[in-house]
Q: 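What follows is a structure written as structure tokens; I'll ask about it next.
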2 protein chains.
Amino acid sequence: METSAAAALPKYYVLKEQILTLIEDAVPGTLIPTERALAEQYGTSRTTVRQAIGELVSEGRLDRTQGRGTYVAPPKVTHVRQLTSFTDDAASQGLTAAARIVDVSVLPADPATARRLAVEPGTDIHRVERIRLVDGEPLAHEVAFLAGPLPDLARTVAERGSLYAALREDYGIRIAEVEDTVETKLAGPAEVQLLDVEMGAPMLLVHRLGFTPDGQPVEWTESVFRGDRFRFVARMHV
Amino acid sequence: METSAAAALPKYYVLKEQILTLIEDAVPGTLIPTERALAEQYGTSRTTVRQAIGELVSEGRLDRTQGRGTYVAPPKVTHVRQLTSFTDDAASQGLTAAARIVDVSVLPADPATARRLAVEPGTDIHRVERIRLVDGEPLAHEVAFLAGPLPDLARTVAERGSLYAALREDYGIRIAEVEDTVETKLAGPAEVQLLDVEMGAPMLLVHRLGFTPDGQPVEWTESVFRGDRFRFVARMHV
DNA sequence: CACGAAAATTGGTCTAGGCCAAAATGATGG
DNA sequence: CCATCATTTTGGCCTAGACCAATTTTCGTG
């Protein structure tokens with residue numbers, strides 16, 4: 001006679017659910033017991049505790065800092081729409097969205113990017129690398145490639161604070177249609193450094209190809225969003 | 001003097017990249033060395049090898065089976081569009097898409113679902129639970145809730161093979177607009193059983209609210225897609 | 001040769017503990 | 001009272017190995 005079907009569950013998963021009940025009503029920032037304490041309390045090894053906590057961190061339920069401890073995480077950022085402007089949309093939710101410009105430069109298009117933007121390989125294109133912040137916290141790393149003459153792009157983007165706004169107001173370019181692809185990706189060293197996530201944390205990898213009203217592709221963007229904080233929203237006609 | 005910035009990388013991550021170079025030109029299905037062999041070969045512990053392999057499995061680069069071994073995974077399913085019909089769209093890519101119906105039933109709406117479908121709580125609504133398959137492999141678990149009178153829904157969906165087709169052809173309901181939200185989620189026991197993924201594997205959790213041309217919400221769907229095989233595509237006007 | 005049992009192989013889970021690095025804590029001197 | 005430095009605490013990474021379960025392989029038997 002077996003005890004129950006649930007007995008087949010990995011030990012770390014049972015522990016994960018128990019920790020979840022511990023924190024479900026807790027105020028964000030509340031410290032949970034240390035890994036060593038939990039290991040002793042639940043009669044398990046620290047390795048198993050770390051596996052349970054690791055998944056809860058990946059899911060955005062816990063945060064942890066070396067030397068400080070592990071604590072209840074703030075709730076997920078309720079959907080930030082990608083379409084329209086990130087900046088405008090976040091504001092409509094009462095969030096302060098900002099973008100830190102890392103680099104604005106001009107460089108010859110590599111074959112893949114050239115194909116996407118429908119230009120000859122080697123044509124000069126613009127590269128805009130930014131870190132998107134919501135309420136001061138880094139949420140996404142974004143690299144946009146833009147075709148066409150865009151004089152003084154570094155300045156206009158900095159002044160407008162929004163790439164789409166600069167394209168529209170300063171260059172008369174309107175993005176009328178976008179094609180987004182969304183997939184999962186695990187955080188590597190770059191994301192750890194730029195977005196303050198843990199190695200291996202699940203991320204959303206978003207590619208966007210933006211078209212002008214007459215169907216010309218002008219924007220190719222690759223973004224990596226924190227999977228534990230972000231929710232992608234797309235509304236569309238079928 | 002420090003050796004280099006790369007020296008700060010975790011050992012498992014370096015190993016992961018080395019395994020990646022081992023398999024980058026390999027035919028899908030090729031077995032890689034056993035965990036014990038890799039541990040010895042790279043002078044590390046099996047735990048570290050498993051962490052490296054685990055991430056590669058999560059990323060869809062490797063598959064592994066207990067007793068059999070670890071082998072190179074087939075490439076990611078190139079974007080399956082969510083809009084239009086899943087069935088039609090997969091076919092246009094030369095893939096055989098199918099859906100296995102798990103359950104079709106009628107039940108009273110709980111408060112949250114009632115609110116989304118703009119009906120009174122307790123109103124009878126339809127529930128359609130399916131497993132979506134591509135080339136015979138389970139790709140997603142999907143539960144749809146539908147408002148309105150849909151007589152004999154179980155039969156019509158089974159015959160049409162597509163929920164959207166049944167709504168359109170048999171009930172005259174056209175979904176004209178959809179709002180999708182996409183976020184990450186880690187696989188739990190349910191996904192492990194239904195979708196043949198590993199515990200903790202990153203998944204895409206997709207919610208869809210579908211509207212008729214006159215703005216009436218009629219469809220609320222919650223889907224869990226395999227993050228290692230799937231790419232979500234949304235094309236829209238801004 | 002075919003079949004089934006036994007053995008070997010391989011991944012799955014877990015333990016116990018060591019060493020390191022970052023942060024918090026406490027002692028100490030100005 | 002405050003700044004500074006040593007100590008302690010806590011998470012981060014890794015090792016070595018045990019035991020289990022699924023699968024494959026081997027081998028004895030009919």
Side-chain angles (χ1 to χ4, degrees), chain A residues 2-3 5-16 18-19 29-58 61-73 187-189 192-193 196-201, chain B residues 2-3 5-17 19 29-58 61-73 187-189 192-193 196-201:
Chain A
E2 59 184 351
T3 52
L9 286 176
K11 201 169 183 176
Y12 89 87
Y13 191 82
V14 176
L15 177 57
K16 178 181 166 185
Q18 287 180 321
I19 297 175
T30 307
L31 281 169
I32 70 169
T34 69
E35 295 175 353
R36 288 168 176 87
L38 285 169
E40 187 176 10
Q41 182 178 342
Y42 287 93
T44 181
S45 71
R46 215 186 121 204
T47 311
T48 303
V49 173
R50 278 187 65 77
Q51 190 172 1
I53 290 179
E55 289 204 358
L56 291 170
V57 170
S58 285
R61 305 300 300 262
L62 294 175
D63 284 336
R64 57 182 170 187
T65 313
Q66 186 177 150
R68 216 161 103 61
T70 304
Y71 37 94
V72 179
V192 169
Q193 193 220 321
D196 190 31
V197 293
E198 298 193 351
M199 285 289 292
Chain B
E2 59 184 351
T3 51
L9 284 177
K11 202 168 182 176
Y12 88 88
Y13 191 82
V14 175
L15 177 56
K16 178 182 166 185
E17 291 184 319
I19 297 175
T30 307
L31 282 169
I32 70 169
T34 69
E35 296 175 351
R36 288 167 176 88
L38 286 168
E40 187 177 10
Q41 183 177 342
Y42 287 95
T44 180
S45 72
R46 213 185 124 206
T47 310
T48 302
V49 172
R50 277 188 64 76
Q51 190 172 1
I53 290 179
E55 290 204 358
L56 291 170
V57 171
S58 285
R61 306 300 301 261
L62 294 174
D63 284 336
R64 57 183 169 186
T65 313
Q66 185 177 147
R68 222 163 100 60
T70 304
Y71 37 94
V72 178
V192 169
Q193 193 220 320
D196 190 32
V197 293
E198 299 192 353
M199 286 288 293

Q: Nearest whole Å is fine: how far is C:dA23 C1' from A:Asp63 CG?
A: 16 Å

Q: Are A:Glu55 and A:Arg61 within salt-bridge range, i.e. N to O under 4.0 Å?
A: no

Q: Show your reasoning for whether side-chain contact (heavy atoms from CB on, under 4.5 Å) applies to B:Thr34 and B:Thr70.
A: CA-CA 7 Å; B:Thr34 69; B:Thr70 304; over 6 Å; no

Q: Could you tell me the separation between the CD atom of A:Gln51 and the CG atom of A:Leu56, rounded to the nearest 0.5 Å?
A: 11.0 Å

Q: If I take atom NZ in residue B:Lys16 and atom C1' in nucleotide D:dC14, what distance separates them, rounded to the nearest angstrom?
A: 18 Å

Q: Let me know the distance between CD1 of A:Ile53 and P of D:dT10, rounded to the nearest Å.
A: 12 Å

Q: Which nucleotides of nucleotides 8-15 of chain C have their base under 4.0 Å from a protein heavy atom (B), which only their sugar-phosphate (S), and which neither (-), written as one string 5' to 3'?
A: --BBBBSB

Q: Could you tell me whether the side chain of A:Glu35 reaches within less than 4.5 Å of the side chain of A:Glu40, counting heavy atoms only?
A: no

Q: A:Thr65: what forms a side chain to side chain donor-acceptor pair (under 3.5 Å) with it, not counting sequence neighbours?
A: A:Tyr71

